[in-house]
Amino acid sequence: MAVEGHSLSAPLLSSEQPPHHIVTVHDQPQPPIQSEDDNRHNPYAFVGVHGGFEVPASITIDPYRNHTPNIEGLYEWFKTVVCLPIAAVRLVLFGLCLMVGYLTTRLALYGWKDRQNPMPRWRCRLMWVTRFCGRAILFSFGYHWIKRKGKPAPREVAPIVVSNHVSYIDPIFFFYELFPTIVSADSHDSMPFVGTIIRAMQVIYVDRFSKSSRKHAVNEIKRKASCNQFPRVLLFPEGTTSNGKVLLSFQIGAFIPGYPVQPVVVRYPYVHFDQSWGNITLTVLMFRMFTQFHNFMEVEYLPLVYPNECQKENAVHFAQRTGRAIASALNVVQTAYSYGDFMIFAKAAELKQSCRAEIVKERKLAYSSNMLTCGFVISGSGVQENPSLYMVELGWVQSSLRLSALEAVEVLELFLSMNPDPSGLVEFHYFLRALRLKPCGLSEKMFEFIDVQKMGKITFKQFLLGSAHILKQPLFRRTCDAAFGECDINGKGHISKQELQDAVSLSIPSLNSDEIHGLFSLFDVDNDGMICLDDFISCLRRHPLLVALFAPILLHRGSSLDDRNLVEEIL
């Protein structure tokens, strides 16, 4: 039905121009205007921190938790007892295969000097004996058959293979199946038996905490992937094992060379026994494997992922697309958890044990002295009850705030010294004690800056993000240098206890001798009775929240020309 006043030949749009509306679009969002009242309540505005910081919600799944760390249930106990004789036979088979494989590998490596070039063919043929020993080792662990889906692409098409990492069984399977070149931590070279075997795989060693080592590893990946005479390169981009319930954030070393990648998915279906290598010891995990009738394993080779030609250098985007393919095949979510979170988890668990030992020691000392147990000992008994509380999805923190895993572990050590309760929360007075502060207006503002949820307690994630937010400000180092210069009144190159007291008294008045001594000892890193510039910078890098103590001396004292420019910049 035609609309009145219009014909089929009439234009659909009127020739009359409608009124124009001009909309201005900014390329970057404009920061909110900070009022003087906001800056007055923000103790770090003078460093360039405008407003607060965001604390993203964390995923509640623990990626390192083994769900069956203990033998539970009548069926599992019955099966364990029945399988003990079988386990003894399996253990003998495991030891025999390991020994034969080790001796064969030693023979294959004997007299081979040119390790930078591909292994000669006759040596590779000899390594088939070791590969069959690897399959027999899998058999001894209860992997009698392994379900496969898909096939590995030819090495000429996909020189790089990446896989999720769940157990130490993964690399044994790939050693037998593909005999690839692997990327491994340099510490693995010294492992008995294993070190010799991975050397035969022409392993690429890497120190994950050394930038030069990581760069060298990427160059080696590119060199070996570009030459068809080398085996294909296998990497586990998650960097550590998980329980398979989520996918950890990917390291990008496998994707920087820009070659096609074949993703592989490894699954370990189970009902009674979780085979993942999480928060469980290797000895217990091996024993549980030996005492199972059969352990299930599935391997699926996924379609190749090619780098986009227009984004060939964007390794991060390439890694994300590959991660999505693996996560989709596993039907799990991708997370920002990383190897750094495992370091944090392990450190929290380690300090948990040391805290308990110290608590027992202090309690014995208290009872032997016929004294009442102090409040710290009593409340400390619940510290670090759940180490997974301190994981923060460090992959996101590292990419957003440029904070290394080692720096995060240092922050964790400081946080745990604040005596968190069993739920991982720290109260105000423990916060003050760790930073050698006393209750005052400034220390309350410092705590409120971290306590973004206004609970009166802080979490490790809040403490970490708040500290990193201050530490990574472009003006932080210049502010520290200027603060040291203002404290070092006579230009001696070091700060005395009196000079520190004069400077800090502008922020926290009426400090007694014990309080100033505690603060001085915190800054005197090398314990030589004076604070040099290195001590000063080192302390503030470890405790960036303390930079707020020097705001008054920077903003109100007379300064040199360079420092005046700094003050103008940060204001």
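Quick caveat: nothing in here was measured; it's all calculated off a predicted structure. For the numbers below, each heavy atom of this structure counts, side chains included, while hydrogens, waters and symmetry mates do not. For the single chain, residues carry numbers from 1 onward in sequence order.
- Between the side chains of T196 and R199, at least one donor-acceptor pair of N or O atoms lies under 3.5 Å.
- Relative orientation of the F296 and H294 rings is perpendicular, given thresholds of 30° and 60° on the angle between their planes.
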Return all side-chain donor-acceptor pairs below 3.5 angstrom for residues 149-163, not counting sequence neighbours, or 'none' if the list is empty.
unit_1, atom_1, unit_2, atom_2, d
R155, NE, F230, O, 2.8
R155, NH1, A225, O, 3.2
R155, NH1, N228, OD1, 3.1
R155, NH2, K224, O, 2.7
R155, NH2, A225, O, 3.3
R155, NH2, C227, O, 2.8
S163, OG, V264, O, 3.4

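- F345 and Y64 have tilted rings, their planes meeting at an angle from 30° to 60° on a 0 to 90° scale.
- Ring centers of H165 and W277: at least 6.0 Å apart, outside the cut-off.
- The main-chain N or O of V397 is never found under 3.5 Å from a side-chain atom of S400 such that the two would form a donor-acceptor pair.
- Between F250 and F255, the angle of the ring planes stays under 30°, which puts this pair in the parallel group of the 30/60° scheme.
- Side-chain polar atoms of Y102 and R106 form a donor-acceptor pair below 3.5 angstrom.
- Within 6.0 Å of atom NZ in K147, 12 or fewer heavy atoms from other residues, nucleotides or ligands are found, so the atom counts as exposed in its surroundings.
- Considering F431, Y430, F460 in turn, F460 is the only one that fulfils the ring-ring contact (aromatic ring centres under 6.0 Å, His included) rule with F415.
- Just one of F236, Y268, F141 meets the ring-ring contact (aromatic ring centres under 6.0 Å, His included) condition when paired with Y168; it is F141.
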Would F139 and Y143 count as a ring-ring contact (aromatic ring centres under 6.0 Å, His included) if you check the C-alpha gap in whole Å, the side-chain angles of each, and the deciding distance to 0.1 Å?
-> CA-CA 5 Å; F139 188 89; Y143 297 94; over 10 Å; no
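- Using a distance-only test at 3.5 Å, with no hydrogens or angles considered, a donor-acceptor pair links the side chain of S467 to the main chain of F463.
- Using a distance-only test at 3.5 Å, with no hydrogens or angles considered, no donor-acceptor pair links the side chain of D535 to the main chain of D524.
- The cationic group of R125 does not satisfy the cation-pi geometry with W122, failing either the under 6.0 Å distance to the six-membered ring centre or the 45° limit from the ring axis.
- For R223, the CZ atom counts as densely surrounded, since its 6.0 Å shell holds more than 12 non-hydrogen atoms of other residues, nucleotides or ligands.
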